Amino acid sequence: MKYLELLYYRYYRFQVRMGNSDVAPFSTILIIAFTTMLYYFDFFIILSVLFPNKSPGLSWKFNLILLLTLIVLLYFLLVHKGKHKKILKEQEKSLSKKGKWFAVLFALTAFILFNLGFILKILQNQGKL
């Protein structure tokens, strides 16, 4: 939960700096949810490269339900009843520049793994892997 609050604080501050302060509590949740879903897809792409015959198929209905459930769960954990204000106050007291790289690497790693998985899948389909 500590890392989730740190991510929330850093992405919230990013949204405020970008001029989206009125929707920052909700757009921050969407950033975290979409990045988490990207890790989920990364796992299954790499699993399908390593074990091509045993990898499960992903249903778009299940993925949509999972995304919506994740968004609702993050909303209740981080925003509901003003929890985001307490998180922001606590993080501002305890942080100076701590966690900046964690927030950047969280999203960057997801995109790198996603691209790596697709490159490996392309090589596998060409017979080079």
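Treat the numbers as computed from the prediction; the structure is a model and nothing was measured. Only this structure's heavy atoms are used, side chains among them; waters, hydrogens and symmetry mates stay out.
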Would you tabulate the side-chain donor-acceptor contacts of residues 105-112 under 3.5 Å, counting partners in other chains and residues two or more places apart, or write 'none'?
residue	atom	partner	partner atom	Å
T109	OG1	L105	O	2.6

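Both L70 and F62 belong to a common hydrophobic cluster when Ile, Leu, Val, Met, Phe, Trp and Tyr are linked at side-chain heavy-atom distances under 4.5 angstrom. Following chains of ILVMFWY side-chain contacts shorter than 4.5 Å, one can reach V72 starting from L74, so the two form part of one hydrophobic cluster. Residues F44 and L50 share a hydrophobic cluster, clusters being chains of Ile/Leu/Val/Met/Phe/Trp/Tyr side chains in contact below 4.5 Å. Hydrophobic clustering (ILVMFWY, side-chain heavy atoms < 4.5 Å, transitive): L4 and M37 are in one cluster. Criterion: ILVMFWY side-chain heavy atoms under 4.5 Å apart, direct or through other members. Under it, Y39 and F41 are part of a common hydrophobic cluster.
Rounding to the nearest 0.5 Å gives a distance of 9.5 Å between NZ of K2 and CD of Q91. Remark: L64 CG to W60 CH2 distance equals 6.5 Å, nearest 0.5 Å. We find the CZ-CD distance between R10 and E5 to be 14.0 Å, quoted to the nearest 0.5 Å. Atom NZ in K86 sits 7.5 Å away from atom CD in E90 (nearest 0.5 Å). The line from OG of S48 to CD of Q124 is 6.5 Å long, rounded to the nearest 0.5 Å.
In this structure, the side chains of Y12 and I87 stay at 4.5 Å or more apart for every pair of heavy atoms. L7 is not listed as a side-chain neighbour of I31, based on a closest heavy-atom distance of 4.5 Å or more. The shortest distance between side-chain heavy atoms of F26 and L30 does not fall below 4.5 Å. Between F51 and L47 there is a side-chain heavy-atom pair separated by less than 4.5 Å.
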- request: Could you go through the side-chain contact (heavy atoms from CB on, under 4.5 Å) check for K83 and L78 one step at a time?
  value: CA-CA 6 Å; K83 290 179 188 174; L78 300 171; 5.9 Å; no
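Across all non-hydrogen atoms, the minimal contact from Y40 to L58 is OH-CD2, 3.6 Å. Between Y9 and E92, the shortest heavy-atom contact is OH-CG, 3.4 Å. Nearest heavy-atom pair, T36 versus I32, reported as atom, atom and distance to 0.1 Å: OG1-O, 2.7 Å. Across all non-hydrogen atoms, the minimal contact from I29 to Y75 is CD1-CA, 3.6 Å. Residues L77 and M1 come closest through the heavy atom pair O-CE, 3.9 Å. Considering every non-hydrogen atom in both A33 and I71, the closest pair reads CB-CG1, 3.7 Å.
Between F118 and F114, the gap from one ring centroid to the other is short of 6.0 Å. Checked against the 6.0 Å centroid threshold, F102 and Y3 count as a close aromatic pair.
If you check the side chains of T28 and Q15, you find no donor sitting under 3.5 Å from an acceptor.
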